[in-house]
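Notes for the one structure printed next.
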Amino acid sequence: MADRPRRWGRQLKFLLMILTATAAALWTAPPAAAAAAHTCQTETPVIGVPTKGGPAYGGMQYPRMVGLGPKEVALTFDDGPDPKTTRRILDILDRHCVKATFFMVGIYAERHPEIVREVAARGHTIGTHTWSHPNNLRPFSATQAQREIRRGFAAVEAALSRAPEEDRNRLAPFFRFPGLNDSKSLIEWLGQRNVATFSCEFGADDWKSISSAQVRIRAIRNIASVGRGILILHDTKPRTAEMLSDFIMAMRQQGYSFVQMVPEPGGREMAAGAQDPLIGPVRRADAASVLLGTIIEPSLEPPAPLR
Ligand SMILES: [Zn+2]
């Protein structure tokens, strides 16, 4: 008799263990993108940016702005993909249902192609930011500078080559000069390839050694002084990831909204159809047949066995 309560206790403990294990097995956190898809009531509005002839945008350096309305802001993130911070930033953007543009560095795109694919799969726009991010292309020879730009596009394109067509299409004919150090001749060279250049209307100094609170304060202050435009941030900076959620909420409280920049319809094809293009067509076979006037027949023959 004295044994019974102890046995019951043991059985109860066993039952609790099973219940705990079952609950743990059943409770798995949904992937961030899937969770965001459930919670987003509305998509981030998009703005089609004309890229024909390669206009340069951004009031900090150029007379032309992308066509944003009052209190509309386009977020841009430079210098990634970064294995430590880019996904953190993607999660925050998903949580707040905001889509942005990522200007990627080729060398990092080549090193972390899975993050490039994730940025695309989560619906963001991808532009490029040279191959190795020299802070200033101006001292480079034309050939060297062009090679830097070309290789930047090629690296992102290679990372997306195995992605679904919809995701490959996220690579836009958008380019940003490292350090915003442009040159007239390179803007023209990009323009001949129907690739637009992007500066910004405001930054937030997130590349300086300041606190995340300071980044947030400067972003909000700089945006308020202009009222609309493109904000430059860096997805390589932990301080940017730290302030991003509070920043988005503060902006919305002040009546601002976020808009995603995408190429105007046909922009990607126009860039791919340029002479000596920097990006290829998304549908390679189709576009090639249009461009070359030939029909590319897939080979149904099995390849000849190696001897
Ligand atoms: Zn940069």
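In listed order, ligands and their atoms are each counted from 1. Note that the structure is a prediction, hence the values are computed from the model and not measured.
Between Phe175 and Phe177, the distance separating the two ring centers is shorter than 6.0 angstrom.
For a distance bound of 2.8 Å, the N, O or S atoms of His234 include none lying that close to the Zn ion (ligand 1).
Atom CZ of Phe153 has more than 12 neighbouring heavy atoms from other residues, nucleotides or ligands inside a 6.0 Å radius. The number of heavy atoms from other shown groups lying within 6.0 Å of CD (Glu165) is above 12.
The Zn ion (ligand 1) is the vertex of the angle joining NE2 of His133 and NE2 of His129, which measures 90° to the nearest 10°.
Looking at Asp79 and the Zn ion (ligand 1) together, the shortest N, O or S contact belongs to OD1.
For the residue pair Thr86 / Asp235, a side-chain donor-acceptor distance below 3.5 Å is found, with atom types taken as modelled.
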